[in-house]
Novice: 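Handing you this structure, nothing more for now.
Source: prediction; values computed, not measured. A note on names: the letters A, B, ... follow the listed sequences, proteins ahead of strands, and every chain is numbered from 1.
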Number of protein chains: 2
Amino acid sequence: MSDQEGRFREYLGAKGLRITPERQAVLTAVLGIQGHFTADQLYLRLERKNPRASRATVYRTLEHLVGSGLVDKVDLGGQQAFYENFYGREHHDHLICLGCGEIIEFTSRAIEELQDSVCREHQFEARSHSHKILGHCRKCH
Amino acid sequence: MSDQEGRFREYLGAKGLRITPERQAVLTAVLGIQGHFTADQLYLRLERKNPRASRATVYRTLEHLVGSGLVDKVDLGGQQAFYENFYGREHHDHLICLGCGEIIEFTSRAIEELQDSVCREHQFEARSHSHKILGHCRKCH
DNA sequence: ATTAATGCAAATTGTTTGCACGGTC
DNA sequence: GACCGTGCAAACAATTTGCATTAAT
């Protein structure tokens with residue numbers, strides 16, 4: 001059993017939620033994806049597996065995975081939500097290529113610090129943030 | 001005729017688009033709103049005016065207003081798009097209060113500069129960005 | 001046994017679109 | 001008169017939800 005599986009079971013147990021084959025299948029599928037994915041892409045991967053999971057269950061389970069900290073939900077703009085495997089990772093932000101759709105991750109301690117000072121100035125207590133830069137990647141300009 | 005009206009007419013003219021009472025009404029309504037608004041809030045204001053404008057026209061006109069640079073479309077998260085009067089204003093980002101929904105604007109030259117250097121590192125050509133911080137404002141914590 | 005979870009399809013939400021009619025250039 | 005713009009209602013797309021059934025505890 002992977003660390004992630006353990007963490008998920010723990011999370012479910014602590015909330016009085018059940019460990020079902022569908023939830024396991026969703027987690028396994030998530031672990032098999034690298035990079036960002038949508039709920040529907042995840043569903044498509046599970047559609048013909050056994051056990052499978054319906055779209056509704058995919059959405060519902062994704063929420064629990066986010067709750068457990070195993071998955072991060074990122075808003076990359078557009079109408080659909082994106083998710084990514086977050087186990088053992090740190091917060092990061094994104095450069096999004098308008099040409100090929102590539103998503104480049106970045107982190108900047110300096111930006112985060114400035115962010116904090118902006119919040120301080122406004123007596124604002126930050127809980128999360130989203131910082132995305134749209135443009136064209138090396139290959140696309 | 002306000003500067004904004006002039007600018008809008010100019011924009012429409014340059015594109016071979018027509019100046020209609022509905023488009024004027026939408027512009028007038030937009031100018032009468034301060035702060036951020038949704039397409040639907042705008043529609044509601046126009047619903048019982050004369051001339052009025054349908055939801056479809058509100059959406060369609062909003063796109064032209066964004067195109068002309070008079071209005072800025074901002075993604076504040078959630079499912080609906082927000083807009084704001086942008087005439088004579090500079091780019092800015094947002095602190096969004098999860099408690100009362102208040103939206104505080106901020107700008108930081110230093111952050112923008114760091115952003116530029118992040119892009120340079122990745123050979124990424126930025127076209128726009130969106131930086132939002134979610135949390136609780138002074139009144140809400 | 002109890003009570004949560006699933007699948008399905010219907011419902012929601014915000015926005016877009018097809019089309020017949022009316023108005024602007 | 002040509003053609004764009006409008007309103008309406010239907011279409012959409014992503015996500016959520018109600019409900020009867022199935023299964024984990």
Side-chain angles (χ1 to χ4, degrees), chain A residues 5 8-30 36-68 71 73-83 101, chain B residues 5 8-30 36-68 71 73-83 101:
Chain A
E5 237 175 287
F8 194 37
R9 286 172 182 233
E10 206 174 298
Y11 173 85
L12 292 174
K15 296 238 170 191
L17 301 170
R18 294 169 183 175
I19 296 162
T20 65
E22 291 82 359
R23 286 179 177 161
Q24 307 233 56
V26 172
L27 173 58
T28 303
V30 164
H36 303 77
F37 58 91
T38 64
D40 212 61
Q41 288 169 349
L42 184 56
Y43 165 70
L44 260 24
R45 290 195 160 216
L46 283 158
E47 202 182 8
R48 305 213 168 264
K49 287 263 169 59
N50 184 289
R52 68 186 289 272
S54 67
R55 260 196 189 83
T57 295
V58 167
Y59 278 106
R60 293 190 272 232
T61 304
L62 235 14
E63 235 164 83
H64 292 132
L65 288 168
V66 170
S68 73
V71 164
K73 183 175 186 175
V74 281
D75 156 35
L76 298 177
Q79 49 298 343
Q80 70 224 302
F82 283 78
Y83 298 86
Chain B
E5 236 176 290
F8 194 38
R9 285 173 182 233
E10 206 175 298
Y11 173 85
L12 292 174
K15 296 237 169 193
L17 301 171
R18 294 171 182 172
I19 296 163
T20 65
E22 290 84 358
R23 286 179 177 159
Q24 305 232 60
V26 173
L27 173 57
T28 303
V30 164
H36 302 78
F37 58 91
T38 63
D40 212 60
Q41 287 169 350
L42 184 55
Y43 165 68
L44 261 24
R45 289 195 161 216
L46 284 158
E47 202 182 6
R48 304 215 168 263
K49 287 264 168 58
N50 184 290
R52 68 185 288 271
S54 67
R55 261 196 188 80
T57 294
V58 167
Y59 277 106
R60 293 190 272 231
T61 304
L62 235 15
E63 235 164 83
H64 292 131
L65 287 169
V66 171
S68 71
V71 165
K73 183 175 185 174
V74 282
D75 155 35
L76 298 177
Q79 47 299 342
Q80 70 225 303
F82 283 79
Y83 298 86

Novice: I need the CG-P distance between A:D40 and D:dT16, as an integer number of Å.
Specialist: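 Between P of D:dT16 and CG of A:D40: 13 Å.
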Novice: Backbone N or O of A:I19 within a donor-acceptor pair of the A:R9 side chain at under 3.5 Å?
Specialist: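 It does not hold such a pair.
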Novice: Would you say A:T61's side chain and A:T57's backbone share a donor-acceptor pair under 3.5 angstrom?
Specialist: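 Side chain of A:T61 to backbone of A:T57, a donor-acceptor pair under 3.5 Å: yes, one is there.
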Novice: Should A:Q80 be listed as having a side-chain N or O under 4.0 Å from OP1 or OP2 of D:dA14?
Specialist: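 Indeed, a polar side-chain atom of A:Q80 lies that close.
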Novice: Does a sphere of radius 6.0 Å around CD in B:Q80 hold more than 12 heavy atoms from other residues, nucleotides or ligands, not counting ones at 6.0 Å or beyond?
Specialist: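 Yes, the 6.0 Å shell around CD holds more than 12 heavy atoms from other groups.
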Novice: Is there a donor-acceptor contact under 3.5 Å from the side chain of A:S68 to the main chain of A:L65?
Specialist: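 Here the side-chain-to-backbone pair exists.
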Novice: Does the side chain of B:E63 come within less than 4.5 Å of B:Y59's, by heavy atoms?
Specialist: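 Of all side-chain heavy-atom pairs linking B:E63 with B:Y59, none is under 4.5 Å.
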Novice: Would you give the length of the straight line joining atom OH of A:Y43 to atom CZ of A:R52, rounded to the nearest 0.5 angstrom?
Specialist: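 Reported to 0.5 Å precision, the distance equals 5.0 Å.
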Novice: With respect to A:Y83, which candidate in A:V30, A:L42, A:V66 satisfies the side chain to side chain contact (heavy atoms under 4.5 Å, CB included) definition?
Specialist: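 Option passing the side chain to side chain contact (heavy atoms under 4.5 Å, CB included) with A:Y83: A:V66.
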Novice: To the nearest Å, give me how far apart CD (A:E22) and P (D:dA24) are.
Specialist: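 Rounded to whole Å, this separation is 8 Å.
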Novice: Give me the bend of the helix from C:dA1-D:dT25 to C:dC25-D:dG1, using the axes of the five pairs at each end, rounded to 10°.
Specialist: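 End axes: 30° apart.
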Novice: Whole Å only: how far is the CG atom of B:L42 from the C1' atom of C:dG14?
Specialist: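 In whole Å, C:dG14 C1' lies 15 Å from B:L42 CG.
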Novice: For the side chain of A:Q41 and the backbone of A:T38, is there at least one donor-acceptor N/O pair under 3.5 Å apart?
Specialist: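 Checked: pair present.
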Novice: Tell me the interatomic distance from B:H64, atom NE2, to D:dG5, atom P, rounded to whole angstroms.
Specialist: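 B:H64 atom NE2 is separated from D:dG5 atom P by 7 Å.
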Novice: Given atom CG of A:L12 and atom C1' of D:dT25, what is their separation to the nearest angstrom?
Specialist: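 Computing the A:L12:CG to D:dT25:C1' distance gives 13 Å.
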Novice: Between atom CG of B:L76 and atom NE2 of B:H36, what is the distance when rounded to the nearest 0.5 Å?
Specialist: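 NE2 of B:H36 is found 5.5 Å from CG of B:L76.
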Novice: Is the side chain of B:T28 donor-acceptor paired with the backbone N or O of B:Q24 at a distance under 3.5 Å, no angle test?
Specialist: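 Yes; at least one donor-acceptor contact below 3.5 Å.
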Novice: What's the separation between atom CD in A:E5 and atom CZ in A:R23, rounded to the nearest 0.5 Å?
Specialist: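 Rounded to the nearest 0.5 Å, the CD-CZ separation comes out at 14.5 Å.
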Novice: What one-letter contact string describes nucleotides 16-25 of chain C from 5' to 3', where B marks a base within less than 4.0 Å of any protein heavy atom, S marks contact via sugar-phosphate atoms alone, and - marks no contact?
Specialist: BBB----BBS
Novice: Can you check the A:F37 CZ to D:dA14 C1' distance for me, whole Å?
Specialist: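 Rounded to whole Å, this separation is 16 Å.
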Novice: In residues 43-52 of chain B, what residues come within less than 4.0 Å of DNA chain D, judged by heavy atoms?
Specialist: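 Those residues whose heavy atoms fall under 4.0 Å from DNA chain D, taken from residues 43-52 of chain B in numerical order, are B:R52.
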Novice: Rounding to an integer number of Å, can you tell me how far B:Q41 CD sits from C:dT15 P?
Specialist: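 That distance rounds to 11 Å.
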